[in-house]
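Below: one structure, written as structure tokens.
Hydrogens, waters and symmetry mates are skipped; everything else that's a heavy atom, side chains included, is used. Convention: sequence-line order gives letters A, B, ...; per-chain numbering from 1. The structure displayed is predicted, hence computed values, not measured ones.
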2 protein chains.
Amino acid sequence: MMKRHYPTLAEVAKVAGVSLMTASRAINNRPGVSPEKREDILRIADEMGYVANRAAQKLTGARTRIIGVVAELHTPFTSDLLLGMGAVARAADYEMLVYSLPVCDRRPPHSIIEMLRQIADGVIVILPYESDYLESMATAHIPVVTIEQGIESAFPSVTADNYQGGCAALRHLIELGHRRIAFISGNDRLTSARDRRRAYRDVLAQARLPHDPALEVDGDFLRKSGFEAAQKLLALDDRPTAIFAANDTSAYGAIAAIREAGLSVPGDISVVGFDDIPIASQLHPQLTTVRQPLQQMARASVNLLLALIAGLDAPSEQIVLPTQLIVRESTTPLKVKRKKEEAVKVERASAGAANLAR
Amino acid sequence: MMKRHYPTLAEVAKVAGVSLMTASRAINNRPGVSPEKREDILRIADEMGYVANRAAQKLTGARTRIIGVVAELHTPFTSDLLLGMGAVARAADYEMLVYSLPVCDRRPPHSIIEMLRQIADGVIVILPYESDYLESMATAHIPVVTIEQGIESAFPSVTADNYQGGCAALRHLIELGHRRIAFISGNDRLTSARDRRRAYRDVLAQARLPHDPALEVDGDFLRKSGFEAAQKLLALDDRPTAIFAANDTSAYGAIAAIREAGLSVPGDISVVGFDDIPIASQLHPQLTTVRQPLQQMARASVNLLLALIAGLDAPSEQIVLPTQLIVRESTTPLKVKRKKEEAVKVERASAGAANLAR
DNA sequence: CAGCCGAACGTTAGCGCTAACGTTCTGTCG
DNA sequence: CGACAGAACGTTAGCGCTAACGTTCGGCTG
């Protein structure tokens with residue numbers, strides 16, 4: 001492994017026959033250098049393979065053109081978000097470094113933010129959980145933008161509209177004629193999971209449908225929990241005709257349980273997921289689900305952070321991006337036969353629901 | 001957002017009533033400080049919330065206790081590897097920062113390594129593709145360990161034994177009596193994919209089974225490619241009784257195609273995957289596959305890097321970790337009926353195969 | 001043509017830290 | 001008891017860079 005010497009600015013300046021500061025000005029595209037000399041210096045710097053030392057830059061208080069990201073890599077979509085953010089950052093001539101948060105660890109991230117502060121110009125925190133993390137960042141002396149932390153955050157933030165997405169999913173089922181609609185929840189530590197649950201309850205209430213606690217089963221976003229939740233639902237005397245699962249993975253778990261019970265999706269039970277994971281359009285049945293605006297979230301968060309870095313004191317902006325219902329094969333209108341059977345039970349409810357369904 | 005002042009070492013020293021260097025020695029646990037004073041200084045530093053400035057440390061040539069990782073986040077398993085590596089690093093009192101490589105981009109990573117060099121003490125490169133990247137790192141003046149780059153790499157490296165895993169998968173099928181075994185390849189830009197293909201060919205040859213090019217279909221690790229590859233295989237006059245797919249995702253794609261054709265897995269066709277993705281043990285059928293030693297790879301790579309950082313000039317070590325065949329439901333012995341049909345065709349081959357199967 | 005202004009440079013002082021030396025002081029031994 | 005070793009500190013210089021001042025000099029004005 002041959003060791004190479006990395007030239008310093010001083011060496012570039014010496015070769016170019018100018019002072020340190022002239023070289024610095026030329027390279028940082030600042031005024032005070034004649035065009036010819038600037039070109040000269042840039043050419044020489046390039047030939048010498050000069051790379052500015054960001055540690056030294058940071059030490060003087062200058063920008064490093066690096067943004068830091070704190071994320072839990074195991075959380076679904078985090079990679080997609082990161083890829084999108086990286087592309088946006090690079091387009092703005094910024095680099096991005098990611099700190100991978102240990103799974104389910106609540107240890108003070110104090111030192112993490114402080115570390116990133118010494119390296120980056122700003123930090124994006126992808127933190128699906130409520131956490132004490134954020135409080136300790138309040139004094140961090142560096143621009144911070146959060147993703148998925150929900151409205152209550154004290155920071156400028158970017159979120160997907162989970163509530164609206166959940167409402168759309170549920171209205172879709174109601175429009176299809178379903179009245180007994182179950183919910184398989186996600187991990188309620190996540191604000192996104194709570195918003196989806198809230199949407200379920202609210203839309204039921206708006207449609208004047210009864211809220212049967214037996215139809216609201218706890219899950220944790222995993223396939224297995226969806227499977228088991230669906231088994232519980234199928235065991236009910238009066239089983240649901242539709243299920244809204246808090247995410248696609250648990251939706252597919254539920255579908256597996258339904259099929260194992262000898263029933264079909266959507267023939268017997270309609271299923272809606274949430275997230276639009278890539279295989280949702282490939283697996284059979286193709287899943288009706290709510291798509292998260294990941295690319296827009298990535299773009300919005302980076303742009304917001306760059307604005308903060310540039311000193312635009314965005315007044316603690318909260319950006320909520322719309323989600324989108326994608327209707328595929330896993331939902332279908334309630335069968336008339338069954339509809340009749342149920343007609344009596346939900347008579348009162350129907351009026352409200354029809355109303356809501358326009 | 002209240003701004004806080006971060007104390008410098010000088011301020012800590014002043015409060016403690018000692019010189020800068022004494023404080024530095026105390027905090028870095030170096031000799032030359034009396035025990036009482038050391039304790040004093042550490043306590044005061046803690047009270048003041050002192051955090052060493054890594055940019056400044058790096059500038060003086062000292063360790064920052066940060067390792068850098070360059071990875072393509074979208075590649076399967078990268079997150080698992082990163083999580084494992086992060087845990088190992090933290091256990092050694094190191095922090096880890098990840099640079100997310102843009103997808104399929106071959107632009108000079110020159111500046112990436114140079115950037116990390118200014119921040120980290122060493123770099124791990126998770127680079128499934130052959131690439132010019134590595135060459136430019138050769139002069140990087142910083143310890144580098146690669147993962148998945150294959151034996152030919154000039155760097156200390158850690159890899160999974162894809163070849164051995166592929167051999168195990170194929171021997172398993174041969175032991176089950178299969179003679180017409182197809183291969184659905186991965187993206188051959190990846191060394192792992194090439195190794196698995198090589199294993200397929202070599203074991204066939206060792207077993208003196210004929211190598212039918214029609215049974216070797218190109219894929220790209222994606223579900224869709226597995227689906228389409230299987231369709232091609234099913235359309236053959238003399239279709240295979242077993243398929244070895246280069247990864248689990250394409251294996252499930254193949255299974256979907258087989259079922260769509262009205263056949264069953266493993267009843268009509270046995271399928272082996274590679275990777276042991278989490279749902280391989282949950283989806284029906286549970287997939288027979290080859291497990292990658294991700295945790296060991298994470299541990300080995302970090303430990304190797306830390307050794308290099310510590311100055312142990314490990315002589316360009318190449319660590320190859322064993323993979324493990326996990327037999328589940330998607331493979332079954334060849335049916336006797338069919339076996340008889342085929343017996344004539346592969347008569348010569350059988351002897352060799354039986355031999356190999358012990 | 002003195003005076004002044006501004007562009008184009010150069011010089012100096014630090015950012016926060018550590019390596020490499022000084023300095024002081026105590027104990028110890030011939 | 002002088003010399004000397006070594007522990008426990010302090011001082012200095014510098015890592016690579018930039019902000020904030022100097023300095024020079026051509027050109028313009030009254």
Side-chain angles (χ1 to χ4, degrees), chain A residues 4-42 44-45 48-66 114-115 117-121 141-142 311, chain B residues 5-42 44-45 48-66 111 114-115 117-121 141-142 311:
Chain A
R4 176 152 59 101
H5 175 72
Y6 286 90
T8 69
L9 188 56
E11 287 164 359
V12 173
K14 200 172 174 186
V15 172
V18 297
S19 81
L20 199 75
M21 269 318 289
T22 303
S24 171
R25 279 188 271 256
I27 283 167
N28 291 303
N29 204 27
R30 266 183 243 274
V33 192
S34 68
E36 314 87 61
K37 215 154 226 172
R38 182 185 300 272
E39 204 170 315
D40 241 44
I41 295 169
L42 287 176
I44 289 171
M48 294 177 70
Y50 172 74
V51 180
N53 186 322
R54 308 206 193 212
Q57 287 179 318
K58 194 67 185 176
L59 206 52
T60 67
R63 301 273 137 81
T64 56
R65 301 197 78 82
I66 295 176
E114 321 241 301
M115 180 182 81
R117 196 184 62 87
Q118 299 162 358
I119 292 169
D121 297 340
H141 207 79
I142 182 178
Chain B
H5 175 72
Y6 286 89
T8 69
L9 187 57
E11 287 163 0
V12 173
K14 201 171 174 187
V15 172
V18 297
S19 81
L20 198 75
M21 271 318 290
T22 303
S24 171
R25 279 189 269 257
I27 284 168
N28 291 304
N29 204 26
R30 266 183 242 275
V33 193
S34 67
E36 315 88 62
K37 216 153 227 171
R38 182 185 301 270
E39 204 171 314
D40 241 44
I41 295 169
L42 287 177
I44 289 170
M48 294 178 70
Y50 172 74
V51 179
N53 186 322
R54 307 206 195 211
Q57 287 179 317
K58 193 68 186 175
L59 207 53
T60 67
R63 300 274 138 80
T64 56
R65 302 197 79 82
I66 295 176
S111 55
E114 320 241 301
M115 181 182 79
R117 195 185 61 87
Q118 298 162 359
I119 293 169
D121 296 341
H141 207 80
I142 182 177

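Counting any heavy atom pair closer than 4.0 Å across all strands shown, Lys37(A) reaches sugar-phosphate atoms only and no base atom. Ala52(A) comes within 4.0 angstrom of the backbone, heavy atoms only, and of no base.
In summary, contact between chain B and DNA chain C, defined as any nucleotide atom under 4.0 Å from a heavy atom of the protein, begins and ends at dG16(C) to dA20(C) in the 5' to 3' direction.
Note: Thr22(B) OG1 to Ile27(B) CD1 = 11.0 Å, rounded to the nearest 0.5 Å.
Closest of all the heavy-atom pairs between Arg25(B) and Val33(B) is CB-CG2, 3.6 Å.
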Step by step, work out the side chain to side chain contact (heavy atoms under 4.5 Å, CB included) result for Val51(B) and Arg117(A).
-> CA-CA 11 Å; Val51(B) 179; Arg117(A) 196 184 62 87; over 6 Å; no
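The residue among Gly32(B) and Ala10(A) whose nearest nucleotide of DNA chain D is located toward the 5' end is Gly32(B). Of the two residues contacting DNA chain D, namely Met21(B) and Asn53(A), the nearest-nucleotide position lying further toward the 5' end is that of Met21(B). Mapping Arg25(B) and Thr60(B) onto DNA chain C via the closest heavy atom, the residue that lands nearer the 5' end is Thr60(B).
Between Gln57(A) and Asn28(A), the closest side-chain pair of non-hydrogen atoms falls below 4.5 Å. Looking at heavy atoms from C-beta onward, Ile119(B) lies in side-chain contact with Ile66(A) at the 4.5 angstrom threshold. Arg38(B) is listed as a side-chain neighbour of Asn29(B), based on a closest heavy-atom distance under 4.5 Å.
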